[in-house]
Structures are given as C-alpha cells and as structure tokens.
**Q** 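My structure is below; once you've seen it, I'll send some questions.
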Amino acid sequence: MVWKEAVSVLQKAQELKEPPLMFTVFLASFIGLAFFFYLISNHRTKAWRGIPPGTFGWPLIGETLEFLGCQRKGNPRDFFDSRTQKYGNVFTTSLVGHPTVVFCSPEGNRFLFSNENKLVVNSWPSSVGNLFRSSLITTVGDDAKRLRRILMTFLRPEALREFVGRVDSMTKRHLAEHWIGKDEVTALPLLKRYTFSLACDLFASINNKDDLDRLWLHFMVFVKGVMQIPIDLPGTRYNKAKHAANAIRQQLGSIINERKIALEAGNASPEQDLLSFLLSNVDEQGESLTDNEIQDNILLLLYAGHDTSSSTLTVLLKFLAENPHCYEEVLREQLDIAGSKEAGQLLEWEDLQRMKYSWRVAQEALRLFPAAQGSFRKAIKEFIYDGFTIPKGWKMYWTVNSTHRKSEYFSNPETFDPSRFEGEGPPPYTFVPFGGGPRMCPGNEFARLEILVFLHNIVKNCKWNLVNPGEKVIVDPMPAPVNGLPIKLVPHDSVYI
Ligand code: HEM
C-alpha cells in the first residue's frame, strides 16, 4: 500500500511538475515509514513463535538486494550459508516482497517436491506472474497439469527424437557461420544466439533473419526484467520487460494466425514445431489452447529454454578448457560416435544415449554453475515442517545452492570431477539442477539434446584456450563469465566433420 501510494505520488508529481520540496517531504516520510516497518517486521520475526528463525529485512524489498547481490558477486551460496549457520537448514527471510521460508537441505528439497498440490503450489514472484500471464509457470493444480500435458506432447523424448537431425544441421550451420575459421570468439553471446535461434526454429519455425533479429532485441530487454522488484515506472527494468513482452506476443500472434491458415490448407505439418503441436493437440475436454495461452507459453519456453542452455554450454566450455583430460575424453567419445556414422549422416536420438561421458561433464558443469538457482512455492494450508509452523499463504524457496557444493554430499565439492556421476551418482535430492516432482523442468530432455549436439560438433572441430584464465563467473540472473568467455580456437590437424 505504502509503496503504491509512493509510486502514484511520484507519477503525479512527474506529470504536474510539482516543486521539489513536495518530493523531499514525501521521500522523508516514506523513508521514515519504511524504517518503522523494518523495525516492526524484524521484531515480529523474532516474536512470532513457531515460524522458522530469520529476519524479514526491509519492507517491500526485504532481503532481496542482498539475495541478488550475492548472485551478482558470483557467490550465490553466501546468502544461504550465512543464514543456515545462524538459523539452521530452514530459515525465514523476505524476498521480492513476500515473507519466504527457505528450505536448505536434501530433506527440504524432497519435502517441497513431493508435496506439490498437497501442502504447497508453485508460486513465482508477482514480477514473473505479470510477465508470463497464463503460462505454465503461473498456473497451479489441474490447470498446470493440463498445460504441462499439452506442452509435453512436444517436449517428451518420443517427440524430440524426430528433431535431433534438425538440431544437428542447425548446429553445424551455426558453427560454420560463427566459429569455424575464427581465431578468437566470445562464447556467451554466440551461444545465446545459438540456443535462441534453435528455440525459435523448433518452437515456431522462426528462422528468417529479420524476424529473428526483431524478436532477439525484444527478448534481451525482456530477460533483464524478469527477476526484478516489480516497480512499474518508466525506465525500470521491469517496465521495459513488460513492453518487450507485449511486442513479442504481438509478433507471435501474427505467426499463430498465419499458421492456423497454413494448417487448415494443409500447407504446414502438425508435427512441424511446438506451435503446430499446440494448435493440433487438444486436452481431455477436447479443447485446444487459446491464442493467448499459446503466446504466453511460447514466451515462457523461449525464456526458460535459451538462457539456461547457453549459460550451461558457456561454463561447460570453460571447464573443458581448464580440464584438458576431460576434453580428451569427450573428444574420444564423440569421435567414436562420429566414426560409426556414414559420411554426411546426421545425429540420431540413439547417438545421444551413447554420449554418457559427455553428459556427465555437462552434469558436473550444472552442479557447479546451475543455470537456475531454485524456485518458489506457496503454502496452501498451514503445516509443520521440522517442528516449525509454515503459515498458510507464505512463500517457500528451494535452492540448488544449499546442496550442490556441500562436502557432505560431494567430496572435494569445488573440484570439477565428472566421475562423481558414474554408477548410482549423488545421493537423492542433492543434485537438483532441474528441480524435482510434478514441477520438475519439462525442458530437461530438450536441454540435454541442445547441449550434447553442440558438444559433439564443437569438439570434432577444435580445441580452445581461455583468453582470460580464471575469468570470474557471476549470476545475473544465470551464471555468466564476466567478459562473456573469450576463447582462442585451435582447429584439429585432421578434420573430423
Ligand atoms: C540447462 C538447462 C535448464 C535448466 C538447468 C533448467 C532448470 C529448471 C528449474 C530448476 C526449474 C524450476 C523447477 C521447479 O520449480 O521446481 C525449471 C522450470 C521450467 N523449465 Fe527449465 N531448465 C533448463 C532448460 C529448459 C528448457 C530448454 C526449457 C524449454 C524447452 C525449459 C522449460 C522450463 C519450464 C516451462 C519450467 C516451468 C515448469 C513449471 O512451472 O511447471 N527449461 N527449469
């Protein structure tokens, strides 16, 4: 309320060009009120018996700035470690405007993953909800199950296997255009462009350069505004993201209309891409998704599906440059697969199943630099966890950072060691880059497909050396080397392609 009033006074003042004194008085009162609520909220955390210990921080922003600050400094764990040391594996904070209980252990992960729709439901901050509207990420219960079922018609392995060759040939084109023959490249921007183009092609057959460029520009603005405090004022990251999302929806809207006509006329295939799947598949009631639902879900998949994979591929290239013995092992595996194929024959689903070592390398990269840091749930009823009361309506957060680098679960946790994924692998609920339970990432097989196909093609072509050895990786909002990972490419003496 206080915040809304503040915003509306500021907006009015901007429109009327009122004198600065008005602002000063208002700002002073606002800061005074904020401080007052800060004291009250912290007092309440201690005094409210039964809830997990912790502090709420400042009104509205809570401890969000510290949470995001630790990520941007490259140490997302610090936020959690400092609190678990003080309060234990379950503690209270306030993130993006909500009191939030953070669960920091494999038991906490298991509890949240297995109680979806029983005690908790998925619940992202309002900034995410407002931007993604009627997509899977904002729906719960039966609505979410329905959307998930329809999206999985495209994302399940049986459907994806038909797209492996297309991904392989796109990857070869991308490498030929942007990597091969170059002395030095900056990996992250190229990989973002690679995963974005791939997603645009497979989701909506968008492959015309002008359309891609237009979408890309809007997307870059959109991505920056997603995990922000939702201050809807001109110039804020959130406000720009809202406008960018509308522009993207408009572009998708025209594509949907054209596709409907093409499908009806038999000029497009129902198995052509995600869009065709969504237009051709119906739910149990015999209804297909509305145009708005299709736009929102494609927007979500483009968002969830391109930055995550490009971030993972970038850190993967970094680790392979730093660990030449792992690179050699990946190369051996990929050359074995390449050697079993006819000249010019594209990769197939079965080839991906043989890339066992390469996938362990990718998993180890995801352990050390998970693309997604965790996600939110909301209590649909009051319940007790570990002796603490979680009030109805409160948010909860699970985080990969509570287990991925802990020596209790991973020996020498800071060492890059793909062999830890051999055999049974890590203990249950300790390695959770894709989450778990009914809300587990539905794009995990798609991500595996993109990552392995890229790896296959790049190692066949070259080795690479880091231009800035030891380049720091920050998280904003995905892990990213601060300079985008410039690398020197070293082509093989023999050509394996
Ligand atoms: C390395 C790549 C990826 C990682 C690490 C990753 C990780 C995650 C995580 C941790 C979640 C949250 C799960 C939860 O709430 O418990 C999630 C959700 C989601 N991911 Fe991914 N993801 C990746 C790639 C993809 C791709 C390629 C797509 C799409 C093709 C995708 C689509 C989604 C969607 C739609 C959700 C929301 C699911 C829901 O709310 O039910 N992700 N992902």
Side-chain angles (χ1 to χ4, degrees), residues 103 108-117 120-125 128-129 132 134-141 143-152 154-157 159-160 163 167 191 194-196 198-204 226-227 273-274 277 296-316 359 362-378 395-401 403-404 429 431-455 475 477-479:
F103 286 60
N109 292 343
R110 181 175 48 204
F111 182 85
L112 290 182
F113 296 157
S114 56
N115 277 300
E116 182 77 21
N117 295 327
V120 305
V121 288
N122 204 37
S123 177
W124 286 87
V128 177
F132 290 106
S134 62
S135 70
L136 174 61
I137 209 167
T138 57
T139 42
V140 296
D143 291 340
K145 284 184 195 156
R146 164 184 169 257
L147 271 182
R148 202 175 170 100
R149 260 196 300 272
I150 297 188
L151 292 179
M152 289 312 283
F154 174 80
L155 293 172
R156 72 206 154 103
L160 286 180
F163 292 90
V167 173
L191 286 166
Y194 162 70
T195 52
F196 186 72
L198 207 64
C200 286
D201 187 67
L202 296 186
F203 295 168
V226 175
M227 276 302 272
D273 54 17
L274 168 74
F277 271 74
D296 292 342
N297 281 292
I298 293 188
L299 176 65
L300 169 65
L301 292 192
L302 284 173
Y303 170 76
H306 95 276
D307 251 9
T308 44
S309 305
S310 55
S311 158
T312 306
L313 276 169
T314 307
V315 292
L316 191 50
W359 184 239
Q363 285 180 301
E364 182 64 341
L366 277 166
R367 181 183 72 81
L368 286 163
F369 287 113
Q373 306 302 300
S375 90
F376 291 89
R377 302 289 190 266
K378 186 170 78 179
K395 299 256 190 186
M396 281 143 282
Y397 186 75
W398 68 265
T399 167
V400 292
N401 296 299
T403 51
H404 277 201
Y429 299 100
F431 176 65
V432 284
F434 294 103
R439 303 303 301 222
M440 183 175 172
C441 174
N444 63 341
E445 285 293 339
F446 185 92
R448 194 171 75 97
L449 163 61
E450 294 179 285
I451 291 168
L452 290 177
V453 172
F454 185 84
L455 209 50
V475 180
M478 313 270 162

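Both ligands and their constituent atoms are indexed starting at 1 by order of listing.
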**Q** Any idea which atoms of ligand 1 are less than 4.0 Å away from a heavy-atom of Ile137?
**A**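 Atoms satisfying the 4.0 Å criterion: 40 (O).
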**Q** Students often mix this up, so state it plainly: with edges at 30° and 60°, are the rings of Tyr397 and Phe376 parallel, tilted or perpendicular?
**A**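 Ring orientation, 0 to 90° scale: tilted.
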**Q** Is there side-chain contact between Asn297 and Leu136, with heavy atoms separated by less than 4.5 Å?
**A**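 Sidechains of Leu136 and Asn297: in contact.
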**Q** Tell me which one of Arg377, Met440, His306, Lys145 gets a heavy atom nearest to atom 16 (O) of ligand 1.
**A**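 Going through Arg377, Met440, His306, Lys145 one by one, Arg377 has the nearest heavy atom to atom 16 (O) of ligand 1.
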**Q** For a quick test of reading the model, state the closest non-hydrogen atom pair linking Ala362 to Ile451 and the distance between them.
**A**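 What the structure gives for the nearest pair is CB-CG2, 4.0 Å.
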**Q** Among protein heavy atoms, which lies nearest atom 40 (O) of ligand 1, and at what distance?
**A**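 The answer is Arg439 NH2, 2.9 Å.
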**Q** With heavy atoms of Ser375 as the reference, note each atom of ligand 1 found under 4.0 Å away.
**A**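 It comes down to these atoms of ligand 1: 14 (C), 15 (O), 16 (O).
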**Q** Does only the side chain of Phe203 get under 4.0 Å from ligand 1, or the backbone, or both, or neither? Count heavy atoms.
**A**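 Side chain only; the backbone of Phe203 stays clear of ligand 1.
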**Q** Are Phe203 and Asp273 side-chain neighbours, meaning at least one heavy-atom pair lies under 4.5 Å?
**A**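 Phe203 vs Asp273: side chains apart.
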**Q** Judged by non-hydrogen atoms, does Gln373 sit under 4.0 Å from ligand 1?
**A**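 No; Gln373 lies far enough from ligand 1 that no heavy-atom distance drops under 4.0 Å.
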**Q** Any heavy-atom pair between the side chains of Leu202 and Leu274 that's under 4.5 Å?
**A**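 Counting from C-beta outward, Leu274 and Leu202 never come under 4.5 Å.
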**Q** Look at atom 2 (C) of ligand 1 and say which protein heavy atom is nearest, naming residue and atom and giving the distance to 0.1 Å.
**A**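 Atom 2 (C) of ligand 1 sits closest to the protein heavy atom Thr308 CB, 3.5 Å.
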**Q** Give the atoms of ligand 1, by number and element, whose distance to some non-hydrogen atom of Asn122 is under 4.0 Å.
**A**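 Answer, ordered by atom number: 15 (O), 40 (O).
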**Q** For atom 34 (C) of ligand 1, tell me which residue out of Ala447, Pro442, Ser123 has the closest non-hydrogen atom.
**A**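 Among Ala447, Pro442, Ser123, the closest heavy atom to atom 34 (C) of ligand 1 comes from Pro442.
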**Q** Show which atoms of ligand 1 fall inside a sub-4.0 Å distance from at least one heavy-atom site of Leu300.
**A**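 Atoms satisfying the 4.0 Å criterion: 35 (C).
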**Q** Kindly indicate whether the side chain of Phe369, heavy atoms from C-beta on, has any atom under 4.5 Å from the side chain of Leu316.
**A**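 With C-beta onward as the side chain, the pair stays apart.
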**Q** Please list the nearest protein heavy atom to atom 10 (C) of ligand 1 with its residue and the distance rounded to 0.1 Å.
**A**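 Of every protein heavy atom, Pro433 O, 3.2 Å lies nearest to atom 10 (C) of ligand 1.
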**Q** Would you check whether Arg148 reaches within less than 4.0 Å of ligand 1, judged by its heavy atoms?
**A**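 It does; at least one heavy atom falls under 4.0 Å.
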**Q** Using distance alone, with no hydrogens and no angle criterion, decide if Asn401 and Gln373 have a side-chain donor and acceptor under 3.5 Å apart.
**A**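 Yes, side-chain donor-acceptor contact under 3.5 Å.
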**Q** With side chains defined as the heavy atoms from C-beta onward, is the minimum distance between Pro433 and His404 less than 4.5 Å?
**A**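 Touching, per the 4.5 Å side-chain cut-off.
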**Q** With respect to atom 32 (C) of ligand 1, which of Gly436, Ser309, Ala304, Gly435 exhibits the smallest heavy-atom separation?
**A**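 Comparing heavy atoms across Gly436, Ser309, Ala304, Gly435, the nearest one to atom 32 (C) of ligand 1 lies in Ala304.
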**Q** Aromatic rings Phe434 and Trp359: how do their planes relate, parallel, tilted or perpendicular, breaks at 30° and 60°?
**A**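 If you compare the ring of Phe434 with that of Trp359, the planes turn out parallel.
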**Q** Tell me which protein heavy atom sits closest to atom 26 (C) of ligand 1, plus the residue, atom name and distance to 0.1 Å.
**A**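 Answer, as residue, atom name and distance: Gly305 CA, 3.4 Å.
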**Q** Go through ligand 1 atom by atom and flag the ones less than 4.0 Å from a non-hydrogen atom of Thr312.
**A**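 Matching atoms, with element in brackets: 1 (C).
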**Q** Which option, Cys441, Ala144, Gly443, Ala362, owns the non-hydrogen atom nearest atom 8 (C) of ligand 1?
**A**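 Result: the heavy atom closest to atom 8 (C) of ligand 1 is in Cys441.
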**Q** Using a distance-only test with no angle check, is there a side-chain donor-acceptor pair under 3.5 angstrom linking Asp296 and Ser134?
**A**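 Distance-only check passes for Asp296 and Ser134.
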**Q** Given that the side chain starts at C-beta and the backbone is N, CA, C, O, which of these parts of Val400 lies under 4.0 Å from ligand 1, counting heavy atoms, or is it both or neither?
**A**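 None of Val400 does.
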**Q** Applying a strict 4.0 Å limit to heavy atoms, is Phe376 in contact with ligand 1?
**A**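 It does not; every heavy atom stays at 4.0 Å or beyond.
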**Q** Before we go on, tell me: are the rings of Phe111 and Trp398 under 6.0 Å apart, centre to centre?
**A**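 No, the ring of Phe111 stays outside the 6.0 Å limit from the ring of Trp398, centre to centre.
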**Q** Which residue and non-hydrogen atom of the protein lie closest to atom 6 (C) of ligand 1, and at what distance in Å?
**A**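 Of the protein heavy atoms, Phe434 CD2, 3.6 Å lies nearest.
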**Q** Are Phe113 and Arg377 close enough that some pair of their side-chain heavy atoms sits under 4.5 Å apart?
**A**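 SC-SC contact between Phe113 and Arg377 confirmed.
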